[in-house]
**Q** 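Can you read through this structure? Questions will come right after.
Note that the structure is a prediction, hence the values are computed from the model and not measured.
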Amino acid sequence: QNSMLIEVFQGGQIQAPSNVLTAAQMPAGAGFSEWNAKRDSMAYPQELTQVLNKARAELYRPRKWRNYIPVEGVASWAQRVEDRKYTTKIENPILASNKGPTQALPMPSFTTTNQFLPVYEFMLGYGYTDRDVELAAHLGQSLATDNVEACNDAFEYYLETIASVGDTSNGVTMKGLGNLADVTPAVAVTKAVTGTAWTTTTGATATEIVKDLVTGSLAVQTASKENRDCNLILLPLVQYQLAATTFTAALESTALDLFRRIMPGIRVEVWNPLATQGESVTPCAMFMDTRNPYGPRMLMQKEASYGTPLRGINGWFVPGKIATGGVRAIDPTSVVKMSGL
């Protein structure tokens, strides 16, 4: 009367009701293995990696850096990437009748400086206990995605850190946008109060804030010999708030609104890691032309990916990894940095 329910699994999936047996229905002397039944429900390890599909599709949240810095792929076998900086060597054409008997002609070219950036691999993982797996299998449900979501977010947060300020915490050196070499410096105006900061005792005026924003934007044109136009400004949170709330003397406009009228088409965004990336650990603003194909790029060899689940003492562990070389810019003339805000 009180028969024990035995559920039959293959690949961790509950079979059709016709395959669900009770102990009372089993022939005498038949063992569990003969009926392909198990006392403890257990999902196969492949199911642990299948969780990733839903997590990527529904739960993965890219961070801000992907809106500002494009990704540049790196070959899967590469351990380092050539980092080449271009400087232009200009020559003028000569009159055809003056080319002379040697047929020598001026040859314009690019001169370069070269170094190599290592590509590093970083690892995190997620896992489930046997109890987690058995419960999901018993209920016929997918494993919870919280663990892999947390792992994805940790990978992405680390990439955000690299993209903005680089990384030296693992004994490596990778550059981010905030400390990228060879960018053009721009000097903030000296405020009526004192110094160049927007956050002095009485604060910078709307006119002074707008002048800094315009100065940095036009510096992109100057540094690139008018080949590039600024289309993005990145500000720390406090500086953005000041630009958005500091009104002109007549109270008809904020500094940010006034700048947008003067320089339409330039996005002004918040990226708070820049709060400590200026000279002498001061807030800085970055002025960029994101359309430059040789501008800042995140060297990405491998986005977050996960390997074969490994058996642990009380469950399964799934290792994950990324591989990146940080941020580089072959042509840094389209990036301007203004410190001391």
Side-chain angles (χ1 to χ4, degrees), residues 60-88 110-122 152 155-170 172-186 216-217 219-221 223-225 227-235 266-267 269-274 277 284-305 321-338:
Y60 182 67
R61 295 294 180 267
R63 287 185 173 263
K64 283 186 173 182
W65 75 269
R66 294 183 186 267
N67 298 324
Y68 309 145
I69 303 177
V71 170
E72 179 180 348
V74 178
S76 61
W77 46 265
Q79 293 186 344
R80 60 180 187 169
V81 176
E82 184 182 23
D83 183 30
R84 179 178 299 174
K85 298 292 191 303
Y86 285 109
T87 55
T88 307
F110 288 102
T111 57
T112 62
T113 58
N114 297 68
Q115 62 177 334
F116 289 90
L117 301 177
V119 177
Y120 298 102
E121 190 172 68
F122 302 92
N152 284 338
F155 271 133
E156 186 68 5
Y157 179 80
Y158 184 56
L159 290 174
E160 175 94 350
T161 301
I162 295 174
S164 57
V165 303
D167 180 47
T168 57
S169 62
N170 288 279
V172 302
T173 298
M174 290 188 294
K175 294 293 185 180
L177 179 65
N179 56 12
L180 196 63
D182 302 324
V183 301
T184 302
S217 302
V220 175
Q221 292 182 342
S224 64
K225 297 181 174 57
N227 288 320
R228 300 292 169 188
D229 293 312
C230 178
N231 69 343
L232 175 64
I233 300 175
L234 299 175
L235 293 174
I266 300 180
R267 288 190 298 148
E269 303 278 355
V270 177
W271 209 15
N272 203 48
L274 299 177
Q277 291 305 295
C284 71
M286 304 297 298
F287 304 81
M288 305 167 55
D289 183 351
T290 60
R291 298 158 295 193
N292 184 357
Y294 299 108
R297 295 291 187 271
M298 171 70 90
L299 297 173
M300 187 73 71
Q301 187 179 69
K302 183 181 298 181
E303 291 274 11
S305 60
K321 61 180 66 176
I322 59 172
T324 177
V327 175
R328 74 158 176 179
I330 293 177
D331 177 13
T333 63
S334 61
V335 182
V336 169
K337 180 177 182 178
M338 181 179 286

**Q** Has Tyr294 got more than 12 heavy atoms of other residues, nucleotides or ligands less than 6.0 Å from its OH?
**A** no

**Q** Let's go through Val165 and Gln277 carefully: what are the C-alpha distance in whole Å and the side-chain angles of both, what is the deciding distance for side chain to side chain contact (heavy atoms under 4.5 Å, CB included) to 0.1 Å, and is it a yes or a no?
**A** CA-CA 7 Å; Val165 303; Gln277 291 305 295; 3.4 Å; yes

**Q** Salt bridge or not for Glu72 and Arg328, using N-O below 4.0 Å?
**A** yes

**Q** Is any side-chain heavy atom of Ile266 closer than 4.5 Å to a side-chain heavy atom of Ile233?
**A** yes

**Q** For the residue pair Pro332 and Ala181, what are the closest heavy atoms and their distance?
**A** CB-O, 4.2 Å

**Q** As a quick check of understanding, evaluate side chain to side chain contact (heavy atoms under 4.5 Å, CB included) for Asn67 and Glu269, giving each step before the final call.
**A** CA-CA 10 Å; Asn67 298 324; Glu269 303 278 355; over 6 Å; no

**Q** Roughly how far, to the nearest 0.5 Å, is the CG atom of Asn179 from the CG atom of Leu274?
**A** 10.0 Å

**Q** State, yes or no, whether a side-chain contact exists between Ser334 and Met288 at a heavy-atom distance under 4.5 Å.
**A** no

**Q** I'd like to check Phe116 versus Gln79 (side-chain heavy atoms, cut-off strictly below 4.5 Å). Are they in contact?
**A** no

**Q** Taking atom OG of Ser76 and atom CD of Gln301, what is their separation to the nearest 0.5 Å?
**A** 6.5 Å

**Q** Can you name the closest pair of heavy atoms from Ala186 and Ala219 and give their distance?
**A** CB-CB, 4.4 Å

**Q** How far does CG of Leu117 sit from CG of Leu299, to the nearest 0.5 angstrom?
**A** 6.5 Å

**Q** side-chain contact (heavy atoms from CB on, under 4.5 Å) with Ile162: which of Ile322, Thr324, Leu177?
**A** Thr324

**Q** Less than 4.5 Å apart, side chain to side chain, heavy atoms only: is that true for Arg66 and Glu156?
**A** yes

**Q** One pair to check against side chain to side chain contact (heavy atoms under 4.5 Å, CB included): Asp167 and Thr161. What are the steps and the verdict?
**A** CA-CA 7 Å; Asp167 180 47; Thr161 301; 5.5 Å; no

**Q** Is the shortest side-chain heavy-atom distance between Met286 and Leu232 below 4.5 Å?
**A** no

**Q** Could you report the tightest heavy-atom contact between Phe155 and Ala304, atom names first, then the distance?
**A** CD1-CB, 3.7 Å

**Q** Within the supplied structure, the quantity of interest is the number of heavy atoms (other residues, nucleotides, ligands) at a distance under 6.0 Å from Arg291 CZ; does it exceed 12?
**A** yes

**Q** Testing the basics here: between Ala78 and Val119, what is the closest heavy-atom pair and its distance to 0.1 Å?
**A** O-CB, 4.2 Å

**Q** Any donor-acceptor pair under 3.5 Å linking the side chain of Asn170 with the backbone of Val172?
**A** no

**Q** Taking the side chain as every heavy atom from C-beta outward, state whether Lys225 and Thr333 have any atom pair closer than 4.5 Å.
**A** no

**Q** Look up atom CG in Leu234 and atom CH2 in Trp65, then write down how far apart they are to the nearest 0.5 Å.
**A** 14.0 Å

**Q** If you round to the nearest 0.5 Å, how far is OG of Ser224 from CG of Asp289?
**A** 7.5 Å

**Q** How close do Ala163 and Ile69 get, counting heavy atoms only, and between which atoms?
**A** O-CD1, 3.7 Å

**Q** Looking only at heavy atoms, which two atoms of Leu235 and Ala285 are closest? And how far apart?
**A** CD2-CB, 3.5 Å

**Q** Would you find a donor on one side and an acceptor on the other, under 3.5 Å apart, between the side chain of Lys321 and the backbone of Lys302?
**A** no

**Q** Within this structure, what is the CD-CD distance for the pair Gln115 and Glu82, rounded to the nearest 0.5 Å?
**A** 10.0 Å

